[in-house]
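Lettering follows sequence order; numbering is per chain, from 1.
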4 protein chains.
Amino acid sequence: MNKHKIKKEISFQKFMEASLKVFAEKGYEKASLDDIAREAGYTKGAFYIHFSSKEELFLKLMKSRLEVFKQQFLESFTPGENIEDTVRAGVALFVHLTKKDNWAPLYFEFCVNAIRNDSIKKHMADHYQDWIETIIFILKQSKECKSCKDDVLKQLAATIIALLDGYHLQESISPNSMSQDTISKSIVNVIHSIC
Amino acid sequence: MNKHKIKKEISFQKFMEASLKVFAEKGYEKASLDDIAREAGYTKGAFYIHFSSKEELFLKLMKSRLEVFKQQFLESFTPGENIEDTVRAGVALFVHLTKKDNWAPLYFEFCVNAIRNDSIKKHMADHYQDWIETIIFILKQSKECKSCKDDVLKQLAATIIALLDGYHLQESISPNSMSQDTISKSIVNVIHSIC
Amino acid sequence: MNKHKIKKEISFQKFMEASLKVFAEKGYEKASLDDIAREAGYTKGAFYIHFSSKEELFLKLMKSRLEVFKQQFLESFTPGENIEDTVRAGVALFVHLTKKDNWAPLYFEFCVNAIRNDSIKKHMADHYQDWIETIIFILKQSKECKSCKDDVLKQLAATIIALLDGYHLQESISPNSMSQDTISKSIVNVIHSIC
Amino acid sequence: MNKHKIKKEISFQKFMEASLKVFAEKGYEKASLDDIAREAGYTKGAFYIHFSSKEELFLKLMKSRLEVFKQQFLESFTPGENIEDTVRAGVALFVHLTKKDNWAPLYFEFCVNAIRNDSIKKHMADHYQDWIETIIFILKQSKECKSCKDDVLKQLAATIIALLDGYHLQESISPNSMSQDTISKSIVNVIHSIC
DNA sequence: AATGAATGAGCGTTCATTCAT
DNA sequence: AATGAATGAACGCTCATTCAT
């Protein structure tokens with residue numbers, strides 16, 4: 001039992017959780033290391049034991065949260081009997097996860113920074129690719145898409161993501177413009193029309 | 001003809017144009033008033049003749065650019081003979097405007113700040129409302145949607161916006177995942193399925 | 001009459017004088033910009049109106065003080081009737097200037113930083129070259145050195161500088177080990193022996 | 001034989017050697033204990049087992065290196081048959097030692113700190129006194145200085161040190177301005193002229 | 001004897017804002 | 001209307017020192 005390592009892991013996690021909160025509340029630039037350290041229950045100096053810079057923390061947090069989001073989705077997702085039920089379950093789960101942990105401000109903070117910073121952009125692009133593949137995998141298990149070509153499915157998956165992202169954004173700024181039902185129906189329709 | 005006022009209007013516009021560029025390049029926080037003033041061809045002190053704070057500038061710029069975007073859309077938009085052509089024209093125009101003037105980083109900068117700041121959020125919400133109405137107005141001119149109920153059209157318009165926003169975001173981070181054609185077809189299908 | 005420029009020049013000079021004092025007292029690294037600004041009667045922020053970095057200030061101060069030292073020497077130096085009087089006058093003047101304005105700690109601070117920093121080193125090397133030429137010029141006016149070869153005079157001048165630097169250093173650490181008289185005599189002797 | 005003590009002595013020496021290197025490269029202030037510990041092959045915490053502070057290390061290093069320099073000089077120095085050979089041998093040895101172990105930046109770092117810090121100054125003054133006595137001892141073995149008065153020899157020794165220090169400084173900043181031969185000749189001449 | 005997590009004070013630098021000119 | 005010197009509060013980062021392990 002290595003107490004040092006355990007302690008380090010605990011503080012690392014506290015910093016990650018604290019930064020999740022502070023970045024979500026204030027955005028990357030306005031979140032100060034003082035804020036984050038205070039929230040984590042440490043001093044600013046301690047921060048540099050665990051991270052080499054603010055940017056590194058942001059990147060690590062981003063990787064971690066995007067991964068956690070995907071894991072939580074995959075763990076809880078259960079496809080329905082038909083494509084409609086499957087989509088409905090997926091959308092419901094997406095909406096649910098989206099409301100947890102201050103996800104919206106953090107996610108769009110990632111996006112905005114990705115647009116201007118190439119190394120973040122690369123990461124977000126990978127993340128999109130991941131989701132495209134995940135969605136294709138799910139779609140392929142339905143009778144509707146079983147025999148669709150891969151490039152068609154790719155476009156379809158990207159469209160579904162666009163719808164969800166756009167819904168998420170709209171919901172964050174002007175809640176209740178769209179119902180979950182509308183989103184689900186639209187997705188199902190797009191699937192039927194393309195496949 | 002008041003020379004003072006004309007001069008003032010000119011420098012105001014120069015600051016607006018300069019800040020459009022600098023905010024798009026660096027984001028709100030990292031854009032310094034020095035950068036903006038230099039870009040505008042003035043000094044920092046001059047800034048405060050036209051704006052009372054950096055935040056005010058950002059808000060004014062946001063209002064102005066969102067308005068300009070809409071005006072440019074409305075001016076150039078010509079509905080086609082049928083809904084499909086109309087949608088295709090609208091999407092093409094949206095994509096075109098979206099690529100001008102470094103629009104993506106600025107637009108999503110607005111969105112991200114809206115999520116965290118209530119007065120900005122209010123503004124963006126109004127902007128969404130505006131677009132919803134504009135889209136409803138366009139849809140109503142087609143035979144497909146002529147007799148649709150208003151609340152159905154609202155959901156439809158919001159869905160179209162979500163698709164476009166989501167496409168815009170994806171395109172900014174990971175270009176060429178989706179074709180314009182896909183987006184148009186999806187919109188047409190959603191229209192058909194809902195109306 | 002440009003008040004802005006005058007004001008700027010005054011503050012610039014105050015910063016230069018303040019840094020002269022603070023660098024001499026604390027050395028380059030331990031002298032903080034807060035110290036220097038306080039000593040100058042300004043705040044830290046004002047510093048960056050006049051200098052782009054701490055290092056730039058140090059370099060400017062170094063150039064300025066080395067130049068001032070040389071100017072003061074040249075202005076006050078009057079050769080004697082013979083080489084002995086000339087040397088005696090020169091040494092007395094050197095010793096006098098050396099005791100003004102906290103010169104020793106500043107000068108050796110320059111030297112130490114020169115050893116480790118190439119751009120400073122280049123500057124100090126130029127300064128040495130300057131002094132060698134100045135001393136050669138003075139020596140050439142004496143009948144003893146009138147017809148000496150240039151490379152011999154160069155070695156002679158460098159030796160004289162070594163003696164003065166070495167004396168200056170020793171005097172700064174362990175005062176009164178050597179008399180001015182000794183130094184003068186030694187220089188005269190070296191001149192006689194080489195020329 | 002105490003294993004603990006031997007181990008302690010070894011790590012002490014490693015820290016001394018490491019700090020010799022790091023102080024020479026970066027100077028006192030910019031040398032961090034992290035740098036030194038890493039160079040020594042330990043961690044920062046271990047440092048405080050052997051030294052109570054950074055300043056103490058610097059002082060111990062200074063004492064040790066000044067002593068080592070003198071020991072190395074005395075061990076290798078062999079007087080010649082006449083004063084000229086003796087001086088030539090001494091100068092050659094001085095120049096040789098001076099080029100070893102990054103001596104210049106360290107030595108002048110000592111000097112600069114001595115000028116500003118009284119306890120270091122005291123130490124350097126003792127060091128100078130030591131060298132004066134050493135040089136007097138050497139000079140007294142020559143027929144030229146055998147019967148010189150002590151205070152005359154003291155001035156002479158101080159002058160020789162000044163020349164060597166000045167040469168060392170000049171050589172460190174602007175190499176090859178003076179030849180070793182010139183320095184030797186000058187010293188011999190000063191000896192002849194004073195004694 | 002040695003590690004390494006944590007502190008806390010300090011530093012160089014940036015920048016929105018003010019105001020005399 | 002415009003300049004630009006000055007402020008003052010932050011901020012990211014460093015580092016000598018402490019202490020539980």
Integer-rounded Å distance: [N] [atom2] and [X] [atom1]:
{"X": "K54(D)", "N": "dT14(F)", "atom1": "NZ", "atom2": "P", "value": "15 Å"}
{"X": "D34(A)", "N": "dC11(F)", "atom1": "CG", "atom2": "P", "value": "7 Å"}
{"X": "E9(C)", "N": "dA6(F)", "atom1": "CD", "atom2": "P", "value": "12 Å"}
{"X": "R38(A)", "N": "dG8(E)", "atom1": "CZ", "atom2": "C1'", "value": "14 Å"}
{"X": "D35(D)", "N": "dA16(F)", "atom1": "CG", "atom2": "C1'", "value": "13 Å"}
{"X": "K14(C)", "N": "dA5(F)", "atom1": "NZ", "atom2": "P", "value": "16 Å"}
{"X": "I10(C)", "N": "dA20(E)", "atom1": "CD1", "atom2": "P", "value": "17 Å"}
{"X": "F47(C)", "N": "dG12(E)", "atom1": "CZ", "atom2": "P", "value": "9 Å"}

Contact residues, residues 21-32 of chain A to DNA chain E [heavy atom, < 4.0 Å]: none
NE2 on H50(C) to CD on Q13(C), rounded to 0.5 Å: 10.5 Å
Distance (rounded to the nearest 0.5 Å) between I120(C) CD1 and E55(C) CD: 6.0 Å
Phosphate OP1/OP2 of dA1(F): any H50(B) side-chain N/O under 4.0 Å: no
Sugar-phosphate only, base, or nothing, as touched by K8(B) at under 4.0 Å among non-hydrogen atoms: sugar-phosphate
Touch class at under 4.0 angstrom, heavy-atom based, for Y42(D) against every strand present: sugar-phosphate
Salt bridge or not between [X] and [Y]? Use side-chain N to carboxylate O under 4.0 Å.
{"X": "K5(D)", "Y": "E9(D)", "value": "no"}
{"X": "K26(B)", "Y": "E29(A)", "value": "no"}
{"X": "D118(B)", "Y": "K122(B)", "value": "no"}
{"X": "R65(A)", "Y": "E109(A)", "value": "no"}

Nearest-nucleotide 5' precedence on DNA chain F, T43(C) against S52(A): T43(C)
Contact nearer the 5' end of DNA chain F, comparing H4(C) with E55(D): H4(C)
Residue mapping more 5' on DNA chain E - nearest nucleotide basis, S53(B) or A46(D): A46(D)
Considering only side-chain heavy atoms of [X], which listed nucleotide, [options], is closest?
{"X": "S11(A)", "options": "dA5(E), dG4(F), dA2(F)", "answer": "dA5(E)"}
{"X": "I49(B)", "options": "dA2(F), dA2(E), dT17(F)", "answer": "dA2(F)"}
{"X": "K7(B)", "options": "dA2(F), dA6(E), dA2(E)", "answer": "dA2(F)"}
{"X": "Y48(D)", "options": "dA16(F), dT3(E), dG8(F)", "answer": "dA16(F)"}
{"X": "K44(D)", "options": "dT3(E), dT17(E), dA16(F)", "answer": "dA16(F)"}

Residue list, side-chain hydrogen bond (donor to acceptor under 3.5 Å, both in side chains) with E67(C), at least two apart or on another chain: Q71(C)
Partner of F110(B) under side chain to side chain contact (heavy atoms under 4.5 Å, CB included), chosen from K63(B), M124(B), H127(B): M124(B)
Identity of whatever pairs with dA20(F) - Watson-Crick or G-U, under 3.5 angstrom: dT3(E)
Pairing nucleotide - dG8(E), Watson-Crick or G-U, each distance under 3.5 Å: dC15(F)
